[in-house]
Every structure is written in structure tokens, then in C-alpha cells.
Amino acid sequence: MTKQYTTDSKPFLDTGLALVSNLPYRVTDMTEATNAFGRKEIDLALHEMPGLSSLRVEFGAAQPLAGAKIMGSLHMTIQTAVLIETLTYLGAEVRWVSCNIFSTQDHAATAVAVGPNGTVDAPAGVPVFAWKGETLAEYWWCTLLAVLWPEMNLILDDGGDATMLLHLGAELEEAGETADPADADSDEHRVVLQLLKMVREQMGDNVFRPLVAQVRGVSEETTTGVHRLVERLAAGTLRFPAINVNDSVTKSKFDNMYGCRHSLVDAIMRATDVMLSGKRALVLGFGDVGKGSVQSLRAQQAKVSITEIDPICALQACMQGIDVVRMDDVVSKFDVFVTATGNFNIITAAHMKRMKHNAIVCNIGHFDNEIDMAGLEAMVEAGELEKIEIKPQVHEWRFKNTTQGPNGGGHSIIILAEGRLVNLGCATGHPSFVMSASFTNQTLAQMELHANAESYGISVTTLSKKLDEKVARLHLDKFDVDLTVLSGEQASYIGVDQMGPFKPEAYRY
Ligand code: NAD
Ligand code: ADE
């Protein structure tokens, strides 16, 4: 039987939004023009997402996701709209929030809420709780509303926030404890603890346990979210199976690299209009995202160097003629800084104090702690720094006690997207084609979990290489590729099946 939550609860912090409500959706702009714009872009994107359109053709009739109730926490963009509508096309019921306060494209959110067959007056789409420029309190309110779905049985996560909220909530209930915001180690953590505390006060101590018990599995989109899952698995605290979408080759070696190659400079240019040619740019971290970011900046003829901790990645950089340097040694010499590590405290407030006047600082990794934004806020409170908004997601931070600014006075730096994912905060993220590969993997992962979740036990698993090759194959037609077909003799000579997989598991591409 469907459980109903009460709707007469108090608002959450300063959001003005009832903590618990039966709101069908919440987006900012429910107008015909915005819906039409969103729908047009969704139609255009679908044509650029051959993997998703092929899955619709292959599986539409069979409805493999019938009975799946998927809660998604992933950037609410046009590309995500195509993913959502593919999941529903295959039979799923879906609810959605963004996984970042700045990444929502409002016309995408509106069009998804309205749906292909609805109108703005009679929306018939998917419940979406997302808008561009959420506060942290609003963000966590949205996430709570999306997970408070009694029938939810699958999660599609990007960065692990939905998974984390459910686990933390269930753990507190089991321990008989109420969250204490005084225990928080960051502003965002404080908001999460406030949320859990208010849920306990207003809804009791058996909210998250039944929800977690019903979740059959999660598919995780990104490197940072996979780290969180693997940590939980090692600690023995993971409560449902997880499919690691990130480490499908057709995800991390395409989205993380070629996606960032497109969307990094797109974001810097939309935000600043600064010419990158000839400028010195430092990319911190030379993994998949760092490699794409370097290509993006080098294509503009910027002079790019990197930092790394891993000797293999450092050697790869050397083979590409890229200097490997230490931040502390070079911080005063560079014009543009991009963090891409998935680690924290990569650019500290002390570093920013030493930068050139008007240096551009941004992050393309998942969370906002690669750049020490909290350290900067503390300097503002101490009266040493002023934050000036140039436009949303672009801020000048003016130091008062430095001497490398104009006329020997204080210098400024320009921080993009408040230290959060720059490509989704200041631009529109990766383009449709590369997201098609990622989201074809996501759809296959959801189909696999819906069909077989219990057979995985508590584990973090990647999809098979056979499916990885399928995802690639679905994208080849776009390029008029004529793939060579192995003869039977050739296949047995190199020890593979004629139809693949063509590489052993350990192959690295
Ligand atoms: P990765 O593990 O391939 O690369 C991270 C690199 O950073 C590694 O090579 C590691 O050695 C290096 N590193 C770690 N600590 C460092 C330090 N202190 N100094 C210098 N280098 C350091 O991971 P990835 O797939 O490249 O992902 C990086 C981040 O980007 C993650 O947070 C991921 O979730 C996120 N991501 C963002 C997007 C986007 O669209 N913005 C897309 C995919 C992934
Ligand atoms: N991650 C990077 N780019 C994205 C996009 N366009 N949509 C959703 N997630 C993304």
C-alpha cells in the first residue's frame, strides 16, 4: 500500500519550503516558451544520442524497466532529459533531482516536468525538483523530497549524495541517534545534519530504514561517487549492490576525457571572455578529466603545465611534452588554474593569496573542496578579503593586504562557479554525443539491476566488456565507420570470439 507522508510540516531552514510535502514537481519557470525551448533542445539532442535512441528501438516493445521506480540524482540538463525519457520509454517510473546546485538547465527541467504529452497547465511528465542556483538548503530539500518515495526501488546517482543521505539516515535510525548539526565539518555537512534532524523531529525514527530496505541497487555515474561506494563496501556498510558506470571504458575514457575537452574552455570562455592563447594554465591532476582539460586548453594554444602525485600519470604528461610542476613553486606565475583531482585542499587560500592579479581559478572535479572556498569565506569574515559578484557563478575575490595588484595594492582573483564543477555551472556540461555513451551505460546498468540486482549481493561491479563494446558499436554509425570483421581463423589465432569481446579484462585502452 502506498504510504502517504504528512504535508503540514515546518519549512526547512530558510527555504520557505515545507520539509515534507506532496508537491508533484518544483522547477523555476513553468511557462510555455521555456517548455517549448526545452522540448526543441531535447528533440535535437536525441538525434545526437544514438545509443539512447537505439535502446528505445531495441527494447521499447519489451518494456524491460516496467516496475522499476528510479530516483535519479544527476545534473538536470538537456542530455539528462533524454536519459530520463529513455528510462520512462522503457517502462520505468522516475523522479529526479540535480546533483549540483548550479548545473540545472531550467528549460530542461521544465520540459521534463511537462513531458512530451503534457502542457504547462496539465503537466504529465516526471516529478523534477531542480533549478539553477539552488541554495544548499534548497538542494538538500530537493534530494529529500525525491528520496521520500515509498515505492522507490532503484537509484541512479552522480557523486553519491542520494546514496549517502539514505545510508546516513538509516544508520542514525538504527543507532537511535538524532543528527547534531554541531558535529558538522563544513557548511554543507551542517545542512545535511539539519535535514536529518528535522526529519527525525517531524517524521519519526523509521523513515530511512524502510526506504533503504526497498532499494535494490544503485548505478553510479562518476569517479568520486565510485570512491564513496568502494569505501562503504570496504567498511561493510554498503546496503545494496552498485554498478560502477564510471569505469566502463565507454564512460570514463570518453565523457571524462573528450567531454571535458569540449566543456572546460566552453565554460571559461562563457564566464570570462578571456583569451586563453599564450596564457599559462595549470591543470591540477592528470587523470581522465585532467587529460581532457589539458587538451581543451592546449587547443586554444595556452601554455599548459600539470601537477600530479602519481608517477605514471606524470610520465604520461612528459610523453606529451607537458611540464610537471609543484603548485607551491609556480603559483605566482600562472594565469589560469583548473583542479581535476577528486581530492580536497588542492588550491588553498594561501595559494590564492600569492596568485597574479586577475588569475582565473576553477574546478572541474565533483565537489567544491578542491579549491578551499571555506578558507576564503573565513578571510572575508576576518576582513582580509572582499567577494564581488560579476555575474552569477563568476566572482571577483579582492585581497586587501597583498601588493601584487594594480599600483602595488591588493590583487584580485576570479573564481568560477563558486569552486563547483565549472563546466556545468558556467556552461552546459558535455555535449549530447559523448553523454549518449555515458547514459547508454546508465540505462543498461538500470536494466541489469532491475532484472538481476539480487544476484550481485552487496558489491560494486562494472558492466561486462561485451556491453561496453555494444555501447561503442551503437555510436559508430554516426561516423560512417566500416569496422573490419575478424575471420574465424584470425579470431582463434588471437584467442578471442569472432563477435567479441576483443580484449582481455586487463586491457587499458
Ligand atoms: P582520476 O582518478 O582519473 O584522476 C584524478 C587524478 O588526480 C589522478 O591521476 C590522481 O593521481 C591525481 N591527484 C590526486 N590527488 C592529487 C593532488 N593532491 N595533486 C595532484 N594530483 C592529484 O579521476 P577522473 O576520472 O579524472 O575524475 C576527477 C574528478 O572529476 C572526480 O571528482 C570526478 O568525479 C570528476 N568528474 C567530473 C566531470 C565533469 O564533467 N566535470 C566528469 C567526470 C568526472
Ligand atoms: N556531466 C557532464 N556533462 C553533463 C551533461 N551535459 N549532462 C549531464 N551530466 C553531465
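First listed ligand is number 1; within each ligand, the first listed atom is number 1.
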Would the number of heavy atoms belonging to other residues, nucleotides or ligands and lying under 6.0 Å from NZ of K466 be above 12?
-> yes

Sequence-distant partners of E32, salt bridge (Lys or Arg N to Asp or Glu O under 4.0 Å), two or more places apart | none

Are [X] and [Y] close enough that a side-chain donor and a side-chain acceptor fall under 3.5 Å?
X	Y	value
D255	H430	yes
W141	E134	no
K291	Q320	no
T88	E93	no
T462	D247	no
Y139	E188	no
S436	H475	yes

For [atom], what's the nearest protein heavy atom and its distance?
atom	result
atom 1 (P) of ligand 1	G287 CA, 4.0 Å
atom 18 (N) of ligand 1	I346 CD1, 3.3 Å
atom 34 (O) of ligand 1	T222 OG1, 2.7 Å
atom 11 (O) of ligand 1	E308 OE1, 2.8 Å
atom 3 (N) of ligand 2	H430 N, 2.8 Å
atom 15 (N) of ligand 1	N343 ND2, 3.1 Å
atom 20 (C) of ligand 1	T307 OG1, 3.5 Å
atom 24 (P) of ligand 1	T223 OG1, 3.6 Å
atom 10 (C) of ligand 2	M435 CE, 3.5 Å
atom 32 (O) of ligand 1	T224 OG1, 2.6 Å

Got a second to check how far L52's CG is from L83's CG, nearest 0.5 Å?
->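 The CG atom of L83 is 6.5 Å from CG of L52, to the nearest 0.5 Å.
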
CH2/W96 to CD1/I70 distance, rounded to the nearest 0.5 angstrom?
->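 With rounding to 0.5 Å, CH2 (W96) is 7.5 Å from CD1 (I70).
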
Tell me, please: is T428 in heavy-atom contact with ligand 2, that is, under 4.0 Å?
->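 Distance cut 4.0 Å: T428 passes for ligand 2.
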
For [X], the ligand 1 atoms whose distance to one of its heavy atoms is below 4.0 Å:
X	result
G365	29 (C), 30 (O), 32 (O), 35 (C)
A340	5 (C), 28 (C)
H366	32 (O), 34 (O), 35 (C)
G285	7 (O), 21 (N)
I364	30 (O), 37 (C), 38 (C), 39 (C), 41 (N)

Under 4.0 Å, heavy-atom basis, I'd like to know which part of [X] is in contact with ligand 1: side chain, backbone, both or neither.
X	result
V289	both
V422	neither
L421	side chain
S252	neither
D255	side chain

Considering only NZ, NE, NH1 and NH2 on the basic side and carboxylate oxygens on the acidic side, decide whether R270 and D266 come within less than 4.0 Å.
->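 Judged by the 4.0 Å cut-off on N to carboxylate O distance, R270 and D266 do form a salt bridge.
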
Numbered atoms of ligand 2 (with element) below 4.0 Å of T80, judged on heavy atoms = 7 (N), 8 (C)

Give the atoms of ligand 2, by number and element, whose distance to some non-hydrogen atom of F439 is under 4.0 Å.
->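 This gives 8 (C) as the contact atoms.
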
Ligand 2 to T77 polar contact by distance, N or O atoms, under 3.5 Å |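 There is such a contact, yes.
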
Parallel, tilted or perpendicular: rings of [Y] and [X] (30°, 60°):
X	Y	value
F37	H107	parallel
F334	F337	tilted
F399	H411	parallel

Is there a donor-acceptor contact under 3.5 Å from the side chain of S277 to the main chain of Q300?
->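 Yes.
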
Apply the test side-chain contact (heavy atoms from CB on, under 4.5 Å) to residues L196 and V192: give CA-CA distance (whole Å), side-chain angles for both, the deciding distance (0.1 Å), then the verdict.
-> CA-CA 6 Å; L196 291 168; V192 174; 4.1 Å; yes

Out of N423, N256, D158, D310, whose heavy atom sits nearest atom 43 (C) of ligand 1?
-> N256

Out of I309, T341, N363, indicate the one that has the non-hydrogen atom closest to atom 5 (C) of ligand 1.
->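 Looking at heavy atoms only, T341 sits closest to atom 5 (C) of ligand 1.
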
Check: D288 N/O within less than 3.5 Å of ligand 1 N/O |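 N/O-N/O distance under 3.5 Å: yes.
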
Ligand 1 N/O within reach of H430 N/O, cut-off under 3.5 Å = yes

Non-hydrogen atom of C313 closer than 4.0 Å to ligand 1 | yes

Note: Q79, heavy atoms under 4.0 Å from ligand 2, region reported as side chain

